[in-house]
Every structure is written in C-alpha cells, then in structure tokens.
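All values derive from a computational prediction rather than experimental measurement.
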Amino acid sequence: INIILTKDNNSYRSFYNALLHEGYSDLAALLQDGIPVISSGNRKSSMDGMTSYVKTVLCEGGVPQRPVVFVTRPELVDAIKQKLCCLGSDPGWVTVYGMAGCGKTVLTAEALRDHHLLEGYFPGGVHWISVGKQDKAGLLIKLQNLCSRLEHDSTLSQRPPLNIEEAKDRLRLLMLRKYPR
C-alpha cells in the first residue's frame, strides 16, 4: 500500500481493478470510495483519456488493448514515444527488447495511445503484428495478412504471396513506394 501511495492516481485505480479481477471484491469495495475521478475534456472520451480517433486507429491497426491490471511506467513510455517521433524526420525502426513478460508489448501499445503522436507521425495509422516464434507456415500467414492490410486500398487486387521470399519482396516494395515513413 505504501508503494501505491507514492505513485499517481492510475496506480490506485490499477490496484483496485486488480483486486476486482482477482476475486477480492470485498477488499476492492473498501477502496471504492477513494477511486480518483478523471475529468473528460479536450476531445477525450473515456476513463483512460483516449480520444475516439486514437481508439479507432488502434483498433483498426490491431494494437493490443490496455490490460485490466495496468501499472503506468511513464519514463519508459515517454522514451518509446521520443524514439517513435524520431521516425518522422529519420525513417527507420524502433526496437523494444527485453525478457519475456517484462512488459514490452504493454509499454509500446501505451506509447501509441497518444493522439498527437498518431496524428503527427502516423497519419496513415498503425499495423500491429505479433510474430513471436513461428514456423515457416505461420510466418507466411502473418506476412500474407500484413500484405493484405497494407494493400487494402490498392486498385489492383493481388493474390497473396505464395512463399516467404515473395512476401518479403512485396512488403519491401510496399514500404518503399506506398509507406516510405
């Protein structure tokens, strides 16, 4: 409890939600009166402060939702946001790495929940792909799906790539010609 008291209001809310989610509703009921209220303003439409634009872009792109039990780590999220903003002037990749289960996915998805970041640096939206360990058939399916998503508004309806090399070539051309940023 002492640790939670040193954190922001999101930590208190996350602790409360964790108690509910894990079956400690009697303990959660004791804390219910202290749950901080977040005002909705400035185009924000929900408890987590996301705009409807952000929700739409993230949903369409397949970005994972915030977990029920969520602890904010603003320094790490801000570091990812800064790296993503650098892609506006210097196209490339941002790689988030670490041990399994350390929160890479949650941190990166949280960084994308920023209206100004999405609008200013990712005007075409985002496409979230979880690859993990895949055999060649599973990887080909992921690549075919990505090609289909990126070619969605193309006038030519191309057949899906038949092998990994063909998928890599098509994605390379798509990235260079259609999505250079």
Side-chain angles (χ1 to χ4, degrees), residues 21 43-181:
H21 184 69
R43 299 188 299 183
K44 300 197 176 179
S45 60
S46 67
M47 280 290 286
D48 57 14
M50 281 198 299
T51 63
S52 58
Y53 169 78
V54 171
K55 285 182 180 183
T56 302
V57 168
L58 297 183
C59 185
E60 288 176 353
V63 177
Q65 294 181 358
R66 184 181 287 156
V68 174
V69 179
F70 173 74
V71 177
T72 182
R73 295 191 274 176
E75 299 85 15
L76 295 173
V77 171
D78 287 343
I80 294 171
K81 282 182 189 181
Q82 288 174 2
K83 295 292 184 183
L84 290 171
C85 287
C86 289
L87 295 177
S89 59
D90 189 19
W93 299 90
V94 174
T95 305
V96 180
Y97 59 93
M99 296 182 341
C102 71
K104 301 176 296 292
T105 297
V106 173
L107 286 171
T108 307
E110 192 62 23
L112 290 172
R113 287 175 173 59
D114 182 291
H115 184 99
H116 299 294
L117 178 77
L118 288 177
E119 195 172 56
Y121 296 96
F122 298 96
V126 295
H127 296 279
W128 189 279
I129 304 159
S130 296
V131 178
K133 291 186 177 186
Q134 298 281 330
D135 59 7
K136 286 189 176 190
L139 181 59
L140 179 59
I141 290 170
K142 298 267 186 184
L143 293 172
Q144 288 171 331
N145 183 30
L146 180 58
C147 285
S148 172
R149 285 165 62 183
L150 293 174
E151 293 172 332
H152 73 282
D153 63 351
S154 180
T155 55
L156 296 173
S157 179
Q158 295 190 19
R159 65 170 173 70
L162 300 177
N163 57 55
I164 291 174
E165 289 304 315
E166 185 180 344
K168 285 176 15 182
D169 288 341
R170 186 168 314 163
L171 286 173
R172 186 179 308 109
L173 289 174
L174 276 167
M175 294 298 165
L176 286 171
R177 294 181 183 163
K178 193 171 178 184
Y179 299 98
R181 285 184 62 198

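Listed by first then second residue, pairs satisfying salt bridge (Lys or Arg N to Asp or Glu O under 4.0 Å) with a partner in residues 93-110 read R66-E110, E110-R113, not counting sequence neighbours.
Judged by distance alone, the side chain of E166 and the main-chain N or O of L162 form a donor-acceptor pair under 3.5 Å. Of the possible polar contacts, none joining the R170 side chain to the L143 backbone as a donor-acceptor pair under 3.5 Å is found.
Pairing each heavy atom of V54 with each of D114, the nearest pair is CG2-C, 4.2 Å. Considering every non-hydrogen atom in both H115 and T51, the closest pair reads ND1-OG1, 2.9 Å. Nearest heavy atom pair, residue I129 against residue R149, reads CG1-NH1, 4.4 Å. Nearest heavy-atom pair, A111 versus L84, reported as atom, atom and distance to 0.1 Å: CB-CD1, 4.4 Å.
The side-chain heavy atoms of P67 and V106, taken from C-beta on, include a pair separated by under 4.5 Å. When side chains are defined from C-beta on, V63 counts as touching V126, because their heavy atoms get closer than 4.5 Å. Side-chain contact between D135 and L139: absent, with no pair of heavy atoms (C-beta onward) separated by less than 4.5 Å. Put simply, the side chain of T56 reaches to within 4.5 Å of the side chain of E60, judged on heavy atoms. Two residues are said to be in side-chain contact when any heavy atoms from C-beta on lie closer than 4.5 Å; F122 and V57 fail this criterion. Looking at heavy atoms from C-beta onward, P161 lies in side-chain contact with C147 at the 4.5 angstrom threshold. Annotation: side chain of Y53 is in contact with side chain of L118 (closest heavy-atom distance under 4.5 Å). Counting only heavy atoms from C-beta outward, the side chains of W128 and L58 never approach each other to under 4.5 Å.
Heavy-atom contacts from other residues, nucleotides or ligands closer than 6.0 Å to CD of Q65 number 12 or fewer. Open room surrounds NZ on K83; 12 or fewer heavy atoms of other groups in view lie less than 6.0 Å from it.
Between atom CG of residue N145 and atom CG of residue L140 there is a gap of 11.0 Å, rounded to the nearest 0.5 Å. Going from atom CD1 of I164 over to atom CD of Q144 covers 9.5 Å, rounded to the nearest 0.5 Å.
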Run L107 and V96 through side-chain contact (heavy atoms from CB on, under 4.5 Å) and show every step you take. CA-CA 9 Å; L107 286 171; V96 180; 5.7 Å; no

- From CA spacing to verdict: side-chain contact (heavy atoms from CB on, under 4.5 Å), L150, M175: CA-CA 9 Å; L150 293 174; M175 294 298 165; 3.5 Å; yes

Please report the C-alpha distance between L76 and I80 in whole Å, then the side-chain angles of each, then the deciding distance to 0.1 Å, and finally whether the side-chain contact (heavy atoms from CB on, under 4.5 Å) criterion is met. CA-CA 6 Å; L76 295 173; I80 294 171; 5.5 Å; no

